[in-house]
Amino acid sequence: MSHVETLAPQPEADDEAYVTKTLRMRRLLSIRNLLLGVGFPIVLLLAWEVAANFNLIDKRFFPSPSTIGASISAFLSTQSGRVLLAGHINATLLRIGIGYGIGATAGVLLGVIMGLHGPTRAAIAPTLYAIFPLPKIAIYPLMIVIFGLGDASSSALVTLGVFFMTCINTFSGVRYVDTIYHDVVNAFRFPPFVRWLRVFIPAAMPAIVTGLRVGLGQALVLVVSAEFVSADTGIGRFIWDSWQVLNVPRMFMGLAVVLAFAGIAATVGNFAEKKLIPWNRR
Amino acid sequence: MSPSLRMSHLRKSYLTKEGAVVRAISDLSFELNAGERLAILGPSGCGKTSCLRILAGLDEHYSGVIHWATNLSQDASRLRSATVFQGDSTLPWMSVEQNIAIGMSGLTLDAASKRKRVEKYLDLVGLRDFARVFPHELSGGMRQRVAIARALATEPLLLLMDEPLAALDAQTRLVMQTELHRIWAQTRSTVVYVTHDVDEALSLSDRLLVMTARPGREKAMMGASFDRVMEPLERRSLPIFAQMQAKIWGLVAEEVGQKLTRETAP
C-alpha cells in the first residue's frame with residue numbers, strides 16, 4: 001500500500017507550494033503588464049526621437065520630442081508665455097463650463113420628462129432622433145448667425161452637443177428601466193415621488209452617468225473645433241495659430257493640454273461613477 | 001372563520017402584439033381563509049402567474065369579482081397585498097434596511113413604527129447583521145430574504161409569492177423552504193404561493209389548487225394532509241407525502257400531455 005501514499009503527497013505542503021507559486025506568478029504578470037503599458041509609449045517616443053535625429057522624418061513638422069520638450073519648458077519659463085497659455089486655457093474652460101452646465105442640465109431634465117410622460121415622448125422623440133446624427137459642428141455657421149462670433153456661439157455649440165448626448169442617454173435609461181422595478185412600485189403602491197426619485201431615476205443612473213461622460217468628451221471636441229473656426233482665444237485657437245506660423249513645438253504643447261483635459265475628464269467620470277452608481281461596479 | 005379573500009369567476013384574456021386574443025384564465029373561483037396558505041400549481045402558461053398579478057394589483061383588466069375582507073382592506077397601515085417576485089427584485093442602490101423601509105412608502109405610518117417594523121422583519125428573516133449592507137454584496141438567497149422582509153413589513157392582508165425560490169440553487173431552496181415555513185408559523189400570514197414545484201407546494205401549503213392547461217381553470221383543489229405547523233422536512237418523511245406527490249404529478253402530467261398534443265396537432 002505504500003506506493004499509494006507516495007502518489008498522494010502531503011496536502012498542506014503541496015498547497016503551500018502551490019499558493020506561493022501562484023501568487024508569485026500573479027505578481028510577475030501584473031509587473032510585466034505594467035512595464036509593457038508604460039514601455040510602449042516610451043518606445044514610440046524613442047523611435048520618434050531617433051527618426052527625427054537621423055532626418056527620417058521632416059523635422060519642420062515633426063521635431064524630436066526632446067526639442068519639443070525643450071521649447072515647451074523655455075516657453076513656460078517666461079512670465080508672458082505662462083500668462084498667454086493660462087489665458088487660452090481659461091477661455092476654453094469657461095466655454096466648456098457654460099456649455100456643459102446648460103446642456104447637461106437641460107438634457108437630463110428633458111430625458112427624464114420624456115421617460116416619464118408619454119405625450120411629451122411621442123411629440124419630441126422623433127425630432128430628437130432625426131436631428132441627433134447631424135454632426136454638431138455642421139450647424140456652427142447657424143450658431144454664429146444667431147449668437148455672433150466668439151464665446152456665445154462656441155458655448156452654444158457645446159451646449160447643443162452635450163444636450164443631445166445626455167438627453168438621449170437619460171431618456172433611454174429611464175424608458176428601459178427593468179420591468180421588475182415597475183412591478184415593485186406598482187405592487188407596493190409607491191407614491192409618485194418615491195417612484196421617480198428613489199426608484200426610476202436611480203435605476204436609470206448608469207445610463208445618465210454614461211451620457212454625462214460621453215457628453216464631456218463631446219464638449220471637448222466641439223470647443224476645440226469651434227475655436228479653430230472662430231475665436232480669438234482658447235486652446236483650439238492656440239493650436240491653430242501655432243500651426244499657421246509653423247511653431248510646431250507650441251502646437252504640440254496645445255495638443256498636450258487637450259490630452260490633459262481629456263485625462264481629467266476621464267478621472268472625474270470614474271469618480272462620478274464610483275459615487276453615483278457604487279452598485280454597478282463590474 | 002370568515003374568508004379573508006373570495007375570488008369568483010375570474011376570467012382573463014390578453015391581446016398579443018399581433019392582435020390575437022389569448023384566454024389565459026377561464027372561470028377560476030376560490031376562497032381563502034385568514035392565515036391559510038394556498039399553493040397554485042399547473043403547467044407553464046396555465047395562468048397561475050396571471051392570477052397572482054391580478055391579486056397583486058398589477059393587472060386591472062379582468063372580469064370576475066375579488067372580494068377582500070373589508071375590515072382589513074381599509075387599514076392604511078397595511079397593504080392589501082404584497083408580492084415576493086420570482087427574480088431578484090431588491091433595489092441595488094439601497095441598503096437592506098432601506099429596501100425594507102421603502103416597501104412601506106405607500107402606507108400611512110409614522111417614522112417610529114416604520115423603524116420598528118424594519119427591525120422586526122430584519123430579525124425575522126435573520127438579516128439583522130446585514131442591515132446596512134447593499135444587495136450586490138449578498139447571495140441570491142439572502143436577497144430573496146430581503147424581498148420577503150419587504151413584503152412582510154407591509155403586514156399585508158394577503159402575501160403573494162410568485163415562485164420565490166425558483167431562481168435559487170437546489171440546496172438553498174431547501175433551506176429557504178424551511179425558513180419560509182418558520183416565518184409563516186410566526187406571522188400566520190395568508191399566502192398564495194405560485195410554483196411549478198410539486199414538492200415545494202406540498203411542503204409549504206395547507207391547500208393546493210391544480211390548474212388546467214391554458215385557459216386555466218380549477219382542475220383539482222385538495223387539502224395537504226399534514227398538520228399545518230409541520231415542517232417541510234418532516235412532511236417529506238411521511239408516506240402520505242409521496243402518495244400526494246404522485247397524485248399531483250399525475251394531474252399536472254395530464255395537463256402537460258394535453259397541452260403538448262394540442263400544440264403539435266395541426
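Below, read A as the first sequence line, B as the second, and so on, with proteins coming before strands; counting in each chain starts at 1.
Shown here is B:Arg23, whose CZ atom has no more than 12 heavy atoms of other residues, nucleotides or ligands within 6.0 Å. Other residues, nucleotides and ligands contribute more than 12 heavy atoms inside 6.0 Å of the CZ atom of A:Phe261. Within 6.0 Å of the OH atom in A:Tyr176, the count of heavy atoms belonging to other residues, nucleotides or ligands does not exceed 12.
No part of B:Met104 comes within reach of chain A, as not one of its non-hydrogen atoms sits under 4.5 angstrom from that chain. Within the 4.5 angstrom heavy-atom criterion, atoms from both the backbone and the side chain of B:Ile102 approach chain A. Contacts between B:Ala147 and chain A at a heavy-atom distance below 4.5 Å are absent for every atom of the residue. Heavy atoms closer than 4.5 Å to chain A are found nowhere in B:Phe134, neither backbone nor side chain. For B:Thr154, the part sitting under 4.5 Å from any heavy atom of chain A is the side chain, from C-beta outward, and nothing else.
Across A:Ile277, A:Leu276, A:Val199, a single residue satisfies side chain to side chain contact (heavy atoms under 4.5 Å, CB included) together with B:Trp93, and that is A:Val199.
A distance of 6.5 Å separates CZ of A:Arg189 from OG of B:Ser81, quoted to the nearest 0.5 Å. Note: A:Arg198 CZ to B:Met94 CE = 4.0 Å, rounded to the nearest 0.5 Å.
Contact annotation: the side chain of B:Arg150 approaches that of A:Val184 to within less than 4.5 Å [non-hydrogen atoms, C-beta and beyond].
For the set B:Gln86, B:Glu137, B:Arg53, B:Gln98, the entry with the most heavy-atom pairs within less than 4.5 Å of chain A is B:Arg53. Residue with the most contacts toward chain B among A:Asp183, A:Val194, A:Val185: A:Asp183 (heavy-atom pairs, distance under 4.5 Å). When B:Gly103, B:Ala151, B:Pro156, B:Ala82 are compared by the number of non-hydrogen pairs under 4.5 Å with chain A, B:Gly103 comes out ahead.
Here the closest non-hydrogen pair linking B:Phe85 and A:Ala187 is CZ-CB, 3.9 Å. The minimum heavy-atom distance linking B:Ser89 with A:Ile180 is given by the pair CB-CG1, 3.6 Å. Across A:Tyr181 and B:Pro92, no two heavy atoms sit closer than the pair OH-CD, 3.3 Å.
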